[in-house]
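Structure record follows, encoded as structure tokens.
Hydrogens, waters and symmetry mates are skipped; everything else that's a heavy atom, side chains included, is used.
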Amino acid sequence: MTDCSLPRVWIIGSSLIARLQAHLGAFGLDQNLGLDWQITWACRGGRRWEHLMPLLRSKRADIHDDPDVMVIHLGGNSIGTYGNTRISLMRRMKTDIREIDLLFPKTKLMFSDILPRSNWRGQTATTGYGLERTRRRLNGAMFGFLSDMGIIPKAWRESKVIAILKPGKPAYDPASYRPISLLCTSYKLFERLLLARISPLVEPVLPREQAGFRPGRSCTDQVIALTTNIASNVL
């Protein structure tokens, strides 16, 4: 029986995602990925970006509730195919993302980068250098476009956790390790750039009593201010 209280995640893709579903299904993980989620797969081999909107319009007509998250891993099968120049494909992808945002206003959209390939469907040259360059430019354009829409790239949501052994602790004891989460470098750089842009606008309107997460201030300043006020009022 389906639990309607669980977050609902749609994963849409082509053969790569279909193989992922089959692999997870062998371990009984395809329904929830081992988490408290409801996973709906919409994947088949050969699916191109042009097939996305007919699929989603059909789903929109059949359901009333939006999924909580929609992961889209498409685009690679469309690169280099007839009628799909880099510019036309980029325009189509942006137009479709806007329509998806209107069709599913309560859904968090995640675009998975188009992955490199050794051979492309539309490849006619000896090497796929030109198509690989198109792939990189499409990913870059979609990154900028989704950032403008307030959508964080999927890769930025991932972190690598490394266990660091605490000094003087036994290595055989799991409690002796301190987990350190390594975030995406691009994400941290973007945060720095964003902070530099908004700080001049935010700093003037913050109350002077706030010291946390502000340059040149710390909680120690607040403790000193508090003890000074207490001492001056008592004395």
Side-chain angles (χ1 to χ4, degrees), residues 7-27 29-33 37-63 65-125 128 130-146 149 151-155 157-158:
R8 291 160 300 170
V9 181
W10 290 2
I11 303 178
I12 303 172
S14 54
S15 56
L16 178 65
I17 304 301
R19 289 195 295 268
L20 173 63
Q21 181 187 7
H23 176 74
L24 293 173
F27 299 94
L29 298 175
D30 57 320
Q31 296 300 315
N32 58 12
L33 301 183
W37 296 350
Q38 296 178 26
I39 306 297
T40 299
W41 301 86
C43 46
R44 64 176 176 82
R47 173 167 284 157
R48 294 163 56 175
W49 185 273
E50 299 90 306
H51 304 146
L52 176 62
M53 291 315 302
L55 171 68
L56 293 182
R57 293 187 192 112
S58 174
K59 284 185 171 293
R60 176 75 286 177
D62 294 337
I63 66 169
D65 297 328
D66 295 355
D68 296 285
V69 179
M70 183 187 303
V71 182
I72 299 176
H73 183 82
L74 287 173
N77 289 335
S78 298
I79 293 179
T81 55
Y82 179 77
N84 278 325
T85 65
R86 176 174 59 86
I87 299 299
S88 65
L89 182 55
M90 186 183 305
R91 288 174 177 170
R92 175 190 288 271
M93 293 171 73
K94 291 181 178 181
T95 300
D96 290 349
I97 292 296
R98 291 192 187 98
E99 183 176 348
I100 294 171
D101 192 46
L102 295 175
L103 285 175
F104 302 92
K106 299 180 181 179
T107 300
K108 294 181 180 178
L109 181 63
M110 298 178 66
F111 173 76
S112 179
D113 279 357
I114 302 173
L115 300 178
R117 300 182 178 186
S118 56
N119 292 288
W120 297 87
R121 284 178 175 267
Q123 180 175 331
T124 56
L131 300 179
E132 168 62 18
R133 185 172 58 181
T134 296
R135 179 193 72 85
R136 293 196 301 265
R137 290 185 176 180
L138 283 174
N139 283 339
M142 289 301 294
F143 161 74
F145 176 70
L146 293 174
M149 294 182 63
I151 300 174
I152 302 293
K154 177 178 179 292
R157 299 173 183 267
E158 300 174 352

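The ring pair (Phe, Tyr, Trp, His ring centres under 6.0 Å) check on Y82 picks up nothing, with sequence neighbours excluded.
With N139 contributing its side chain and I114 its backbone, the two residues share a donor-acceptor pair below 3.5 Å. Between the side chain of R47 and the backbone N or O of A42 there is at least one donor-acceptor pair closer than 3.5 Å.
Residue K108 qualifies as open at atom NZ: its count of foreign heavy atoms under 6.0 Å is 12 or below.
In this structure, N77 and R117 have side chains that are in contact, with non-hydrogen atoms separated by less than 4.5 Å. Using a 4.5 Å cut-off on side-chain heavy atoms (C-beta onward), R133 and R86 make no contact. Here the side chains of L146 and I97 are in contact, with some heavy-atom distance below 4.5 Å. Between L56 and F104, some side-chain heavy-atom pair lies under the 4.5 Å cut-off. V9 places none of its side-chain heavy atoms less than 4.5 Å from the side chain of P67.
Within the model, atoms CG of L74 and CG of L55 stand 9.0 Å from one another, a figure rounded to the nearest 0.5 Å. Atoms OG1 and CG, on T81 and L89 in that order, are 7.5 Å from each other to the nearest 0.5 Å. Residue S58 holds its OG atom at 10.0 Å from CD1 of I63, rounded to the nearest 0.5 Å. Atoms CG and CD1, on L52 and I72 in that order, are 5.0 Å from each other to the nearest 0.5 Å. Separation of atoms CE (M90) and NZ (K94) is listed at 6.0 Å; rounding is to 0.5 Å. For the atom pair OG (S78) and CE (M93), the distance works out to 8.0 Å, reported to the nearest 0.5 Å.
Nearest heavy atoms, S14 versus G46: CB-N, 4.4 Å. Shortest non-hydrogen contact noted between C43 and A18 is SG-CA, 3.6 Å. Across W41 and D30, no two heavy atoms sit closer than the pair NE1-O, 2.7 Å.
Between R60 and D66 a salt bridge is recorded (basic side-chain N to carboxylate O distance below 4.0 Å).
One side chain, D96 or W49, offers a donor N or O that lies under 3.5 Å from an acceptor on the other.
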Quiz item: When you look at L33 and L24, which way does the side-chain contact (heavy atoms from CB on, under 4.5 Å) test go after all the steps?
Solution: CA-CA 8 Å; L33 301 183; L24 293 173; 3.3 Å; yes
Quiz prompt | side-chain contact (heavy atoms from CB on, under 4.5 Å) between R19 and L16, intermediate numbers included | solution = CA-CA 5 Å; R19 289 195 295 268; L16 178 65; 4.0 Å; yes
Exercise. Before giving the answer on side-chain contact (heavy atoms from CB on, under 4.5 Å), spell out for M53 and L103 the whole-Å C-alpha distance, their side-chain angles and the decisive distance to 0.1 Å.
Key: CA-CA 10 Å; M53 291 315 302; L103 285 175; 3.8 Å; yes
Self-check item: side-chain contact (heavy atoms from CB on, under 4.5 Å) between R8 and D65, intermediate numbers included
Solution: CA-CA 10 Å; R8 291 160 300 170; D65 297 328; 3.0 Å; yes
